[in-house]
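Just so you know, residue 1 is the first one in the sequence shown, and it goes up from there. Indexing begins at 1, ligand by ligand and atom by atom, following the structure's order.
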Amino acid sequence: MIYLDHAATTPVHPEVAAVVQDVMSNCFGNPSTLHAIGREARGLLDKARQQVADLICARPEEIFFTSGGTEADFLALWGVVSSRKGRGSHIITSSIEHHAVLNNCAYLAELFDCRVTYLPVDGAGMVDPDDVRRAIERETALISIMHANNEVGTIEPVEEIAAIAREEGIPFHVDAVQTVGHLPIDVNRLGVDLLSLSGHKFYGPKGVGALYVRQGTPFTAVLRGGGQERGYRSGTENIPGIAGLGQAADIARRDLEEETQRLQRLRDALIQGIEERIPGARLNGHRTRRLPHNVNFSFPDVEGESLVLGLDLQGIAVSSGSACSSGTGEPSHVLRSLGLPESYLNGAVRMTLGRANTEEDIPVVIEALEGLVRKLGRLFSA
Ligand SMILES: *Cc1c(COP(=O)(O)O)cnc(C)c1O
């Protein structure tokens, strides 16, 4: 099996699995209790918070554990908008965000007196910072733009947007689920106020993530209860998952530079091979401002879903569009926003590299893809 779907989820790193197993078997304490068993759990929680903080150059008091990226995104949006307590709100986001942001923005607009501006992107998937500036209103409560897109891999100009947000005194949230553990991140250099991350996108466990909230950012909790996570997110903590997330953060920090360079080489070889061998192949997303592990191509007049199934039969796992929007038959909202010609909209395949891949995989994938595109293209044009 050649696994090329690391943007959907990553295999758990063996060192992470060992930590989760060890904690689950040997440390059942509740970190809110005072005795030795509880203090041991508290120690693990503190350690993981420091590890995650170190990965994004934050302070541990600014890290709040959640059940993953979706909850972190929701918590950021809800936390800031609901803190306005009845005053009208306005959110600025982009049309290519993950559904965890898009659908929750729409939900907040239903619940509160809240309007949402969805900024367009250019043909490469880039948000224009000037568009952000122009969209700002008196009631703008939050700007939420993703760090890198999960489908086409485009890296957004978050530093520039952060500078604008700061000038206007508007909190800025970044969904960094696709970049944490894959690109170096310093929340202060980026200038963001809230940032979402998810364990299973960088070799950690599923169902655990975190929201970074800069001290002083207006924020109201969603879940109320025992006041865990300094009141930002009640509920007895998932200690094995959180310890695993901490371990994944440590590994990412240790290996990031070398692994990023390795993946970039594989990515570029795959892109080059496809462009040389498959006529009509069109690279989606930005050619240089691109996640080191993302390859996304459209092939005219070929169904992306057919390519996914055909490759699967040959032991190669890829995605058409994003995992969440595939299977619906609708072209993804991201590809639509890029303004692809109609004939390319349904023929997109996303291949995302990771630790599981080696140089030997590249020619195998190109060969299989070339054969399928030729076969399916003939079928469709016949
Ligand atoms: C995967 C993903 C999410 C959702 O994270 P979960 O942990 O699966 O809930 C949010 N945003 C982006 C960009 C993602 O890639």
Report all side-chain donor-acceptor pairs from residues 50-61 shorter than 3.5 Å, counting only partners two or more places apart or in another chain.
from, atom 1, to, atom 2, distance (Å)
Gln50, NE2, Asp54, OD1, 3.0
Gln51, NE2, Asp250, OD2, 2.9
Arg59, NH2, Gln215, OE1, 2.8

Only distances under 3.5 Å count here; give the side-chain donor-acceptor pairs of residues 183-192 to other protein atoms, sequence neighbours excluded, each with its distance to 0.1 Å.
from, atom 1, to, atom 2, distance (Å)
Asp186, OD1, Asn188, N, 2.8
Asp186, OD1, Arg189, N, 3.1
Asn188, OD1, Arg214, NH1, 2.9
Asn188, OD1, Arg214, NH2, 3.4

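- Of the charged side-chain nitrogens involved, at least one lies within less than 4.0 Å of a carboxylate oxygen, so that Arg287 and Glu275 count as a salt-bridged pair.
- If you take CD1 on Ile63 and CG on Leu211, they are separated by 8.5 Å, rounding to the nearest 0.5 Å.
- Ordered by chain and residue number, the residues placing a heavy atom less than 4.0 Å from ligand 1 are Gly68, Gly69, Thr70, Asp73, His98, Met146, Asn150, Asp175, Val177, Gln178, Ser198, His200, Lys201.
- Of the charged side-chain nitrogens involved, at least one lies within less than 4.0 Å of a carboxylate oxygen, so that Arg277 and Glu367 count as a salt-bridged pair.
- The stretch residues 228-275 participates, sequence neighbours left out, in these ring pair (Phe, Tyr, Trp, His ring centres under 6.0 Å) pairs: Phe64-Tyr232, Phe219-Tyr232.
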